[in-house]
Amino acid sequence: MKSFQITEWCHELFLMQAVTGGTYIDATMGNGHDTLFLCELAGKEGQVLAFDIQKQALESTRALLKSEGMEQKARLILDSHENMAKYADEASVDGICFNFGYLPGSDHSLATKPESSKNAVIEGLRLLKKGGVMSLCIYSGGETGFEERDTLLAYLKSLDEKKYLVIVSAYYNRKNNPPIPVLIIKK
Ligand SMILES: C[S@@+](CC[C@H](N)C(=O)[O-])C[C@H]1O[C@@H](n2cnc3c(N)ncnc32)[C@H](O)[C@@H]1O
């Protein structure tokens, strides 16, 4: 059986809609696993932009990409994902991954935050092409509490159904605030 961990599941959902060889954004680079996934999808033709506010994330992502021979494929950007529109044009991006929370083993106070996460999703949706896809791994509980989850889910609920398909999944029988996988497609 596959593990169906949230990150793996979000990749599966993403692949159901994503074109290959496109332009992708990893909005929360961390240790680079999503960046690597997007680099593989980008193939020879595509490109990847990846964002994090921690140098440590850029360093470990660079090392991971290097070990996979992908270091030229992604542009690693030390900036908040709220600023992604500085680096890509409106309606130019095929897919965006968000994996909220904190970098494992680092300062938890540098985790993603409710308002900036919501603003980054808004910016990301603006940058997506029609038919473009966005996946979100949303966490709650622990140190970050429920505010980020609630802020994001409330915003997603408000999106115009004529413009976006929003699918919120659930690990339905899991206890203790399981993570929430989300898929958004821009119509
Ligand atoms: C759960 S980790 C991401 C895991 C990562 N995608 C991977 O594959 O390893 C969340 C990351 O978001 C980063 N982060 C927090 N606030 C951010 C912001 N405003 N802009 C971009 N990244 C941010 C954290 O530094 C952390 O590395």
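All values below were derived from every heavy atom in this structure, side-chain atoms included, with hydrogens, water molecules and symmetry-related copies excluded. Counting starts at 1 for both ligands and their atoms, in listed order.
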**Message:** Would Ser116 count as being in polar contact with ligand 1, using the rule that some N or O on each side must be under 3.5 angstrom apart?
**Reply:** no

**Request:** Of the side chain and backbone of Cys97, name the one, both, or neither that has a heavy atom under 4.0 Å from an atom of ligand 1.
**Result:** neither

**Prompt:** What heavy-atom pair brings Gly101 and Glu148 nearest, and what distance separates the two atoms?
**Reply:** N-OE1, 4.3 Å

**Asked** Which heavy atom of the protein is the closest neighbour of atom 20 (N) of ligand 1, given with residue, atom name and distance?
**Response** His81 N, 2.9 Å

**Asked** Counting heavy atoms not belonging to Asn176, are there more than 12 under 6.0 Å from its CG?
**Response** no

**Asked** Side chain or backbone of Leu110 under 4.0 Å from ligand 1, or both, or neither, by non-hydrogen atoms?
**Response** backbone

**Request:** Check the pair Phe51, His81 against ring-ring contact (aromatic ring centres under 6.0 Å, His included), reporting the backbone distance first and the verdict last.
**Result:** CA-CA 6 Å; Phe51 293 86; His81 42 214; 7.9 Å; no

**Fill in**
Sorted by chain and residue number, the salt bridge (charged side-chain N to carboxylate O under 4.0 Å, His left out) partners of Asp52 (sequence neighbours excluded) come out as none

**Message:** If the threshold is 4.0 Å, N to carboxylate O, is there a salt bridge linking Glu90 and Arg126?
**Reply:** yes

**Option among Phe98, Phe37, Trp9 that satisfies the ring pair (Phe, Tyr, Trp, His ring centres under 6.0 Å) test with Phe14** = Phe37

**Request:** Would you mind finding which of Ser80, Cys10, Ser60 brings a heavy atom closest to atom 19 (N) of ligand 1?
**Result:** Ser80

**Request:** Can you pull out the closest protein heavy atom to atom 16 (N) of ligand 1? Residue, atom name and distance to 0.1 Å, please.
**Result:** Ile53 CD1, 3.5 Å

**Item:** Qualifying side chain to side chain donor-acceptor pair (under 3.5 Å) pairs, either residue in residues 23-33, two or more places apart
**Value:** Thr23-Gln47, Asp26-Thr35, Asn31-Ser60

**Request:** Decide whether an N or O pair under 3.5 Å exists between Tyr102 and ligand 1.
**Result:** no

**Request:** May I ask you to list the atoms of ligand 1 that are less than 4.0 angstrom from any heavy atom of Gln54?
**Result:** 24 (C), 25 (O)

**Asked** Given Asp52, Thr28, Asn119, which one has a non-hydrogen atom that is nearest to atom 26 (C) of ligand 1?
**Response** Asp52

**Prompt:** In terms of residue, atom name and distance, what is the protein heavy atom nearest to atom 9 (O) of ligand 1?
**Reply:** Asn31 N, 2.9 Å

**Message:** Give me the nearest non-hydrogen protein atom to atom 5 (C) of ligand 1 as residue plus atom name, then the distance to 0.1 Å.
**Reply:** Met29 O, 3.2 Å

**Asked** What atoms of ligand 1 come closer than 4.0 angstrom to any heavy atom of Ala27?
**Response** 21 (C), 22 (N)

**Fill in**
Under 4.0 Å between heavy atoms, the region of Glu82 that gets near ligand 1 turns out to be neither

**Message:** Judged on heavy-atom distance to atom 10 (C) of ligand 1, which of Asn99, Leu58, Thr112 sits nearest?
**Reply:** Asn99

**Message:** For Met84 versus Ala27, what's the shortest heavy-atom pair and its separation?
**Reply:** CE-CB, 4.0 Å

**Note, Leu152 side chain near Phe100 side chain (heavy atom, < 4.5 Å)** = yes

**Asked** Is the shortest heavy-atom distance from the side chain of Leu125 to the side chain of Tyr155 under 4.5 Å?
**Response** yes

**Request:** Name the closest protein heavy atom to atom 8 (O) of ligand 1, giving the residue it belongs to and the distance to 0.1 Å.
**Result:** His33 N, 3.0 Å

**Prompt:** Can Phe100 be said to touch ligand 1, with heavy atoms closer than 4.0 Å?
**Reply:** yes

